[in-house]
Protein chains: 2
Amino acid sequence: MKSGPDIALVASLVGDPARANMLTALMNGRALTASELAQEAGITPQTASSHLAKLETGGLVEPEKQGRHRYYRLTDDDVASVLEGLAGLAARTGHMRVRTGPKDPALRRARICYDHLAGDLGVQMLDSLRIRNLIRQKKQDIELTAEGERFLAKHLQISRGMLTHPRRPVCKACLDWSERRHHLAGTLGAAMMQRFAELKWAARDTTPGSRVVNFTRTGEKQFAALFGSDAG
Amino acid sequence: MKSGPDIALVASLVGDPARANMLTALMNGRALTASELAQEAGITPQTASSHLAKLETGGLVEPEKQGRHRYYRLTDDDVASVLEGLAGLAARTGHMRVRTGPKDPALRRARICYDHLAGDLGVQMLDSLRIRNLIRQKKQDIELTAEGERFLAKHLQISRGMLTHPRRPVCKACLDWSERRHHLAGTLGAAMMQRFAELKWAARDTTPGSRVVNFTRTGEKQFAALFGSDAG
DNA sequence: TTCATGCTTCGATGGTAGCCGAAGCATTCC
DNA sequence: GGAATGCTTCGGCTACCATCGAAGCATGAA
């Protein structure tokens, strides 16, 4: 009767609390074992196994066998993007998973979204790039300008060649759930986040499962110098 | 301990097939009544009422009372965007929602879309009108040409004056889910469908809740003469 | 008023899916 | 080899929720 993609099937996968917790845990881009995901969701391994099998056939996660462990990761950042979108819808109705904890402000300020920077600083960065014509954005589509290439090479030692990937766009807009605006995804978003880490500007929170990104004092300065509202 | 929006709550709303069908029906941006949505989802009004209440508190749809009808529309395009994202994920796993039934071929051929003709014949009709310059189409916007007015008056006894409506456009392109192309909506689309019925060219299927439109033998001939690929 | 239509609430039912205990493979370590 | 770990499969239990019939409001028509 109806045709078109079966969104109910995918949505119901995310719709279960246990699976949703697993997926959210995977949003930091790292692969986790089945046991870790079980613990994250607060269920027994056998139940988790069932859930993970469903997520796998649904194409949301991908397994990687390693010894007697089975590591799972999100299939790609498209999945992450949809999850962030859902988070955005949930956020504005005020429905949070649990009461806002002490880490919440930090999470809103800077966090990992799959493999790129999200939160206040992530949005701010994309804004800055756009305003200074380093990228050109048409709704969801973003492309790097010649100026942008020079900027990246000069300040972050990122060359255009590093960013090419057979199945992933260089730039992509990802909707930020805490800011309700876009931040930068794609290989460029990933490369920049990686560079921030390498330069010791920022580091992921050490507590396992956390998505918080902590900026160092100097990192924050450097970041502000490049992408601050009064930069350029 | 967990923070962040409760994505499971929102996702589970979309995860139910009936609700997903309703939401997909609302994807064209138009508001539909509760009954229409019930019919779209293939459920009874009382079940639909329950679903719509949930969708409303979940912030996915917004009601608008009008007389004794209750029109629902998607809250905004953020919701639509997330639904598209989910559709994208579902599409690449090859999971389509195809409920094959005995009526299915008939439904694909000709059916009611709100109050106008949809399906293969609906798309064919719009194509024919466009090719013969009876209408002028710019993406979603369609306008009737002078030739078109003459054509309608001559062959279907439809005058321009019958089509004016305070809140509804004369012509509009409506995306056809079975053909994935546009068919004709608006007051003209409705008037033409009504005329087909009056002329006994076609009639809606008698089974309640069905959207199938059955063409009579002579009706099919007349329709083909006007809008067939070799017509004009 | 009386009737019809559109929608909602209530109550009961049934199917489905999440959940865990127990057992079964697979891999690694001793 | 045997033991331990990580994960999966199987079976049965339970809880939830979609579903519909019947009845109750609200609005509009006659």
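Everything numeric in this text was worked out from a predicted model, so none of it was measured. Letters go in sequence order (proteins before strands), and every chain restarts at 1.
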A.B. asks: Polar atoms only, N or O, under 3.5 Å: list the protein pairs with nucleotides 17-21 of chain D and their distances.
C.D. replies:
from   : atom 1 : to      : atom 2 : distance (Å)
D:dA18 : OP1    : B:Arg19 : NH2    : 3.1
D:dA18 : OP2    : B:Lys54 : NZ     : 2.5
D:dT19 : OP2    : B:His51 : NE2    : 2.5
D:dC20 : OP2    : B:Thr44 : N      : 3.1
D:dC20 : OP2    : B:Thr44 : OG1    : 3.0
D:dC20 : OP2    : B:Thr47 : OG1    : 3.2
D:dG21 : N7     : B:Gln46 : NE2    : 2.7

A.B. asks: Nearest 0.5 Å, what's the CZ-CG distance between A:Arg109 and A:Leu121?
C.D. replies: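 Rounded to the nearest 0.5 Å, the CZ-CG separation comes to 4.5 Å.
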A.B. asks: Quick one: is C:dT8 close enough that its OP1 or OP2 comes under 4.0 Å of any side-chain N or O from B:Arg70?
C.D. replies: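 Yes, within the criterion.
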A.B. asks: Quick one: do B:Arg70 and B:Glu56 make a salt bridge, cutoff under 4.0 Å?
C.D. replies: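 The answer is yes: the pair qualifies as a salt bridge.
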A.B. asks: If you measure from the Lys or Arg side-chain nitrogens to the Asp or Glu carboxylate oxygens, is any gap between B:Lys54 and B:Asp16 under 4.0 Å?
C.D. replies: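 No, no charged N to carboxylate O under 4.0 Å.
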A.B. asks: For A:Arg68 and C:dT27, give me the distance from atom CZ to atom P, rounded to whole Å.
C.D. replies: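 Interatomic distance, CZ of A:Arg68 to P of C:dT27: 11 Å.
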A.B. asks: Do side-chain atoms of B:Ser49 reach the backbone of B:Pro45 as a donor and acceptor pair under 3.5 angstrom?
C.D. replies: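 No; zero donor-acceptor contacts below 3.5 Å.
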A.B. asks: Tell me the interatomic distance from A:Leu52, atom CG, to C:dC19, atom C1', rounded to whole angstroms.
C.D. replies: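 About 15 Å, once rounded to whole Å.
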A.B. asks: To the nearest Å, give me how far apart CG (B:Leu37) and P (C:dT8) are.
C.D. replies: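 Rounded to the whole Å, the gap is 11 Å.
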A.B. asks: Which part of the nucleic acid, if any, lies within reach of B:Tyr72 when heavy atoms closer than 4.0 Å are counted: base, sugar-phosphate only, or nothing?
C.D. replies: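 Sugar-phosphate: the residue B:Tyr72, judged by heavy atoms under 4.0 Å, touches backbone atoms but no base.
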A.B. asks: D:dG6 P sits how many Å from A:Gln39 CD, rounded?
C.D. replies: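 Going from CD in A:Gln39 over to P in D:dG6 covers 11 Å.
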A.B. asks: Under a 3.5 Å distance rule, please check whether B:Thr33 uses its side chain to pair with a backbone N or O of B:Tyr71 as donor and acceptor.
C.D. replies: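 Pair absent, no side-chain N/O of B:Thr33 close to backbone of B:Tyr71.
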A.B. asks: How many angstroms lie between CE in A:Met193 and CG in A:Leu184, if you round to the nearest 0.5 Å?
C.D. replies: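 Nearest 0.5 Å value for the CE-CG distance: 12.5 Å.
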A.B. asks: Over how many whole Å does the gap from A:His69 atom NE2 to C:dT28 atom P extend?
C.D. replies: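 The answer, rounded to whole Å, is 9 Å.
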A.B. asks: In whole angstroms, how far is the P atom of D:dG6 from the CD atom of A:Glu36?
C.D. replies: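 That distance rounds to 10 Å.
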A.B. asks: Using whole Å, report how far OH of A:Tyr71 lies from P of D:dT5.
C.D. replies: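 In whole Å, D:dT5 P lies 17 Å from A:Tyr71 OH.
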A.B. asks: Measuring to OP1 and OP2 of D:dA26, would you say a side-chain N or O of B:Lys65 lies under 4.0 angstrom away?
C.D. replies: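 For B:Lys65, the contact criterion (side-chain N or O under 4.0 Å from OP1 or OP2 of D:dA26) is not met.
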